[in-house]
Amino acid sequence: MSVRHAHVGLVAAIVLGMFSGCGGPDGPERAEIHGRVTFNGEPVPVGQIEYRPNVEKGGSGPQSLLFIKDGYYESAGKGPVLGPHTVKITGYTGIPKPFLDQGEELFPTHKDEVEITSGDQEVNYDFPIAGE
């Protein structure tokens with residue numbers, strides 16, 4: 001076998017190895033989450049929902065970042081792993097300004113603690129939340 005063929009084989013093995021572990025059945029179980037996000041009764045134009053496993057409460061695994069568009073978000077196979085999480089939600093006007101690609105914030109970043117369970121879940125957020 002020539003050196004060139006050995007390099008091609010090595011590169012192919014590395015590429016296959018990288019893709020075989022991504023999102024496969026051997027990874028941690030993830031929940032499917034979708035829902036609506038509103039501000040003063042109107043759909044939030046753009047934003048993000050970040051699920052970060054809470055290691056202090058025994059959570060582990062990758063974080064999950066879901067995007068809000070026109071008041072709706074869905075995990076589409078990239079939902080959070082099961083267990084305790086810290087959630088951060090941001091919402092923006094969607095009207096770009098200098099240094100603010102997504103526009104101005106509609107509300108202060110919302111933080112919460114949640115327990116993610118197995119299955120398909122609808123979770124809606126209405127801002128402002130009383131007491132914030």
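All figures in this text were calculated on a predicted structure; none of them were measured in a lab. Below, each value reflects all heavy atoms present in this structure, side chains not excepted, and no hydrogens, waters or symmetry copies.
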| Polar side-chain atom of Arg30 near backbone of Gly79 as donor-acceptor pair, under 3.5 Å | yes

| Expected output: side-chain Gln121 to main-chain Thr117 donor-acceptor under 3.5 Å | yes

| field | Heavy-atom closest contact (Pro62 atom, Val81 atom, distance) | value | CD-CG1, 3.8 Å

| task | Might you point out which heavy atoms bring Val44 and Gly91 nearest each other, and give the distance in Å? | result | CG1-CA, 3.7 Å

| request: Would you mind reporting whether Pro84 and Val55 have side-chain heavy atoms less than 4.5 Å apart? | output: no

| task | Only counting residues at least two apart or in another chain, list the ones meeting side chain to side chain donor-acceptor pair (under 3.5 Å) with Glu113. | result | Asn54, Thr86

| remark: CD of Glu32 to NZ of Lys78, rounded to nearest 0.5 Å, is 10.5 Å

| query | Do Leu66 and Tyr51 have side chains that get closer than 4.5 Å, going by heavy atoms? | reply | yes

| Rounded to the nearest 0.5 Å, how far does CZ of Phe39 lie from CZ of Phe127? | 10.0 Å

| Going by the side-chain hydrogen bond (donor to acceptor under 3.5 Å, both in side chains) test, which pairs reach into residues 92-101, not counting sequence neighbours? | Lys97-Glu104

| Same hydrophobic cluster for Val46 and Val37, using side-chain heavy-atom links shorter than 4.5 Å among ILVMFWY? | no

| message | Distance alone, cut at 3.5 Å: any donor-acceptor contact between the side chains of Glu29 and Ser118? | response | yes

| query | Should the pair Tyr72 and His34 be assigned to parallel (<30°), tilted (30 to 60°) or perpendicular (>60°) ring geometry? | reply | tilted

| Just wondering, do Leu65 and Ile49 contact through their side chains at under 4.5 Å, heavy atoms? | no

| task | Decide yes or no on side chain to side chain contact (heavy atoms under 4.5 Å, CB included) for Ile33 and Ile116, but give the supporting numbers first. | result | CA-CA 9 Å; Ile33 297 183; Ile116 302 297; 3.9 Å; yes

| task | Any chance you could measure His85, atom NE2, to Glu50, atom CD, to the nearest 0.5 Å? | result | 10.0 Å

| task | Measure the spacing between CD1 of Ile68 and CD of Gln102 and express it to the nearest 0.5 Å. | result | 9.5 Å

| request: Could you tell me whether a side-chain N or O of Thr90 sits under 3.5 Å from a main-chain N or O of Gly47, the two making a donor and an acceptor? | output: no

| Given side chains that start at C-beta, do those of Asp112 and Tyr125 come closer than 4.5 Å, heavy atoms only? | no

| remark: Scanning both residues in full, the closest heavy-atom pair of Ser75 with Ala31 reads OG-O, 3.9 Å

| query | Are Ser60 and Pro28 close enough that some pair of their side-chain heavy atoms sits under 4.5 Å apart? | reply | no

